[in-house]
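Structure, as structure tokens:
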Amino acid sequence: MTGTPRIRVLFNEETIAKRNEELAQDIARSNPENLLVVAVLKGSFMFAADLLRALHRVGLEPQVEFVHLSSYLDGTVSTGNVTILRDVESDVRGRDILLVDDILESGRTVTFAKDLLMARGAKRVLTTVLLEKPGKRAVSIEADFVGFTCPDLFVVGYGMDVAHSYRQLPFVGVVDHANQDPDLFDKA
Ligand code: IMP
Ligand code: MG
């Protein structure tokens, strides 16, 4: 594709694919039982789809659910409010959950989702994120399984967007103009 010259590749397809296989092996080593994968929409859809196939290859048989969360911005600053736009349908009581998100930044999204699932009686909520931005946490949380440490840049692709664009890219990259204008980004 030639229409995206302004995007600098940070993590290419091959690197991501290899890391997904390693993550699946690490997840399998945690011996999940009656596993339910809960992918946080929208940003994690591509990561979740690839990770699920990698989980299959390491012999796991997870069920799959989706929750659509949104964290709203007040100007360029997160208000800290996370809302549920679409909830999971399954009963999570007594189950091992693997929560899948695209980026762990302030930590509010993953914390909100984890607390919600635990409050509903999940036995264990493991978390995996494709990317983790160090030093950006507003709440104290780390993911159990991290794909890559990400520099403090606004990234797109592999499911992640800026103003609803670029989710289709098969790699993670940086749109330089977005880093100069953080108002452009959409946290849903
Ligand atoms: P937090 O950890 O609650 O601050 O929010 C993480 C969410 O913000 C992620 O699930 C993404 O949807 C979004 N987000 C944070 N940084 C970026 C980025 O660089 N690109 C695209 N989305 C981002
Ligand atoms: Mg998100």
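Order of listing sets the numbers, starting from 1, for every ligand and every atom in it. Numbers here simply count residues along the sequence, with the first being 1.
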- Task: Check whether any N or O atom of Phe154, backbone or side chain, sits under 3.5 Å from an N or O atom of ligand 1, and answer yes or no.
- Result: no

- Query: Should Ser71 be counted as touching ligand 1, given the test is an N or O pair under 3.5 Å?
  - Reply: no

- Task: Would you give the length of the straight line joining atom CG of Leu98 to atom CD of Gln63, rounded to the nearest 0.5 angstrom?
- Result: 13.5 Å

- Heavy-atom pair with the smallest gap, counting every atom of Phe171 and Asn12: CB-CA, 4.0 Å

- Got an N/O contact under 3.5 Å between Gly107 and ligand 1? yes

- Name of the residue among Val139, Leu104, Val82, Leu116 meeting side chain to side chain contact (heavy atoms under 4.5 Å, CB included) with Thr111: Val139

- Query: Going by the atom numbers of ligand 1, which of them fall below 4.0 Å from some non-hydrogen atom of Asp101?
  - Reply: 10 (O)

- Item | Val40 and ligand 1 - part of the residue with a heavy-atom distance under 4.0 Å | neither

- Task: Say whether Asp161, considering both its backbone and side-chain N or O atoms, lies within less than 3.5 Å of an N or O atom on ligand 1.
- Result: no

- Should the proximity of Lys133 to ligand 1, defined as any heavy atom under 4.0 Å, be assigned to the side chain, the backbone, both, or neither? side chain

- Query: If you measure from the Lys or Arg side-chain nitrogens to the Asp or Glu carboxylate oxygens, is any gap between Lys18 and Glu14 under 4.0 Å?
  - Reply: no

- Task: Record the part of Val155 in heavy-atom contact with ligand 1 below 4.0 Å; permitted values are side chain, backbone, both and neither.
- Result: both

- Message: Restricting to non-hydrogen atoms, name the atom on Arg167 and the atom on Met46 that form the minimum distance, rounded to 0.1 Å.
- Response: O-CE, 3.4 Å

- Item | Enumerated ligand 1 atoms positioned under 4.0 Å from heavy atoms of Ser106 | 1 (P), 2 (O), 3 (O), 4 (O)

- Message: I'd like to know if Leu153 contacts ligand 1, where contact means a heavy-atom distance under 4.0 Å to any ligand atom.
- Response: yes

- Which atoms from ligand 1 have a heavy atom of Arg108 less than 4.0 Å away? 2 (O), 3 (O)

- List the atom of Pro62, the atom of Val37, and the distance in Å for their closest heavy-atom pair. CB-CG2, 3.7 Å

- Flag side-chain contact, heavy atom, 4.5 Å: Ile97 against Met118: no

- Message: Is there a side chain to side chain donor-acceptor pair (under 3.5 Å) between Thr127 and Asp144? Walk through the geometry before answering.
- Response: CA-CA 5 Å; Thr127 54; Asp144 297 293; 3.3 Å; yes

